[in-house]
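Since the structure comes first, as structure tokens, the remarks are kept for the end.
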Amino acid sequence: MKGLVHKMQPDVLSVHNLRKTFGVGSAAFHALKGVSLNIAERETLAIVGASGSGKSTLLHMLGGLDTPDSGEVIYRGENFGKLKQTERNRIRNKDFGFVFQSFFLEANSTVQENVEMPLMIAKVKNRRKRVLEALDRLGLADRIDDRVAGLSGGQKQRVAIARAMINKPAVIFADEPTGSLDSKNGALVSDLLFELNEQDDAALVIVTHSHELASRCSREIAISDGILNQPAQLAAQKAAQ
Ligand code: ADP
Ligand code: MG
């Protein structure tokens, strides 16, 4: 039923015929070969596929962290390719949150300094209060002034989730968020992501090798060799060869 409800929502994000090649000439590698995808507001989407199939590349394009060679990325009606860099950066900071397998935190900075970064960029005041509220939800309020380097992996990923959620984003992108964690911390991090979906209305786009995590999403799509395993795209790819 969850899936049906989301189908009735408008798209938060869509991509059309995305292509991305790394390197040139004989070293060229076609990481995305014409990917089209629509993601509904509040949807939870799992992207699965073998290592090297293009999952992270697709996630980076969806989140505006990298630009495609061709094709379009549309966020709530705005075409990323037609926006100024500053406007794209603003959307990425304000409306998107990111969680990565290797955390991407400033290890020598405190929890507060890491979590408040998106608020600083957005020039929000009263940041400590907001950071404390977020950390409280994630069970980390007592670590606010500790350096990230001293935290466990599970705690680090919760700090990353706090940073991802602090601006109340429309979409949270997670690239193998449980990949570095033991099963107990992995389950905790998964629960927190779905809680953000339910309580804060964030769409989730999760790249994962975990069947358990993928099965909790309302939709699962597979990518192989830069092509989504959807009949229309496989047919289009075949016709182009
Ligand atoms: P996945 O996340 O599914 O493991 P990626 O999207 O990271 O795969 O990578 C897909 C392919 O593109 C891989 O073969 C990878 O080596 C290549 N690739 C990704 N990023 C770059 C880059 N910046 N430069 C060169 N090759 C890259
Ligand atoms: Mg990857």
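Index from 1, following the sequence. Every number for a ligand or one of its atoms is a count from 1 in the order of the listing.
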May I have the list of side-chain donor-acceptor pairs in residues 26-34 shorter than 3.5 Å, sequence neighbours left out?
unit_1: His30; atom_1: ND1; unit_2: Thr21; atom_2: OG1; d: 2.8
unit_1: Lys33; atom_1: NZ; unit_2: Asp225; atom_2: O; d: 3.2

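Excluding waters, the count of protein N/O/S atoms less than 2.8 Å from the Mg ion (ligand 2) comes to 1.
Arg76 has a carboxylate O that lies under 4.0 Å from a charged side-chain N of Glu41, or vice versa, which qualifies the two as a salt bridge. Ion pairing between Glu133 and Lys129 holds under the 4.0 Å rule for side-chain N and carboxylate O. The pair Asp69-Arg19 fails the salt-bridge criterion, with no side-chain N (NZ, NE, NH1 or NH2) lying under 4.0 Å from an Asp/Glu carboxylate O.
Relative ring orientation between Phe104 and Phe100 is described as perpendicular, the plane-to-plane angle rising above 60° on a 0-90° scale split at 30° and 60°. The aromatic rings of Phe96 and Tyr75 lie perpendicular to each other, with more than 60° between the two planes, well past the 30° mark.
Pairs passing the salt bridge (Lys or Arg N to Asp or Glu O under 4.0 Å) check and including a residue from residues 154-183, sequence neighbours excluded, read Lys168-Asp200.
Note that CD1 of Ile221 is 9.0 Å distant from CG of Asn229, once rounded to the nearest 0.5 Å.
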Contacts table for ligand 1: protein N or O within a distance under 3.5 Å of ligand N or O, distances only.
unit_1: ligand 1; atom_1: 2 (O); unit_2: Ser56; atom_2: N; d: 2.9
unit_1: ligand 1; atom_1: 2 (O); unit_2: Ser56; atom_2: OG; d: 2.9
unit_1: ligand 1; atom_1: 3 (O); unit_2: Ser53; atom_2: N; d: 3.2
unit_1: ligand 1; atom_1: 3 (O); unit_2: Ser53; atom_2: OG; d: 3.4
unit_1: ligand 1; atom_1: 3 (O); unit_2: Gly54; atom_2: N; d: 3.1
unit_1: ligand 1; atom_1: 3 (O); unit_2: Lys55; atom_2: N; d: 2.9
unit_1: ligand 1; atom_1: 3 (O); unit_2: Lys55; atom_2: NZ; d: 2.8
unit_1: ligand 1; atom_1: 4 (O); unit_2: Gly52; atom_2: N; d: 2.7
unit_1: ligand 1; atom_1: 6 (O); unit_2: Ser56; atom_2: N; d: 3.4
unit_1: ligand 1; atom_1: 6 (O); unit_2: Thr57; atom_2: N; d: 2.9
unit_1: ligand 1; atom_1: 6 (O); unit_2: Thr57; atom_2: OG1; d: 2.6
unit_1: ligand 1; atom_1: 8 (O); unit_2: Gly54; atom_2: N; d: 3.4

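Under the 3.5 Å distance criterion, with hydrogens and angles disregarded, no donor-acceptor pair is assigned to the side chains of Ser53 and Ser224.
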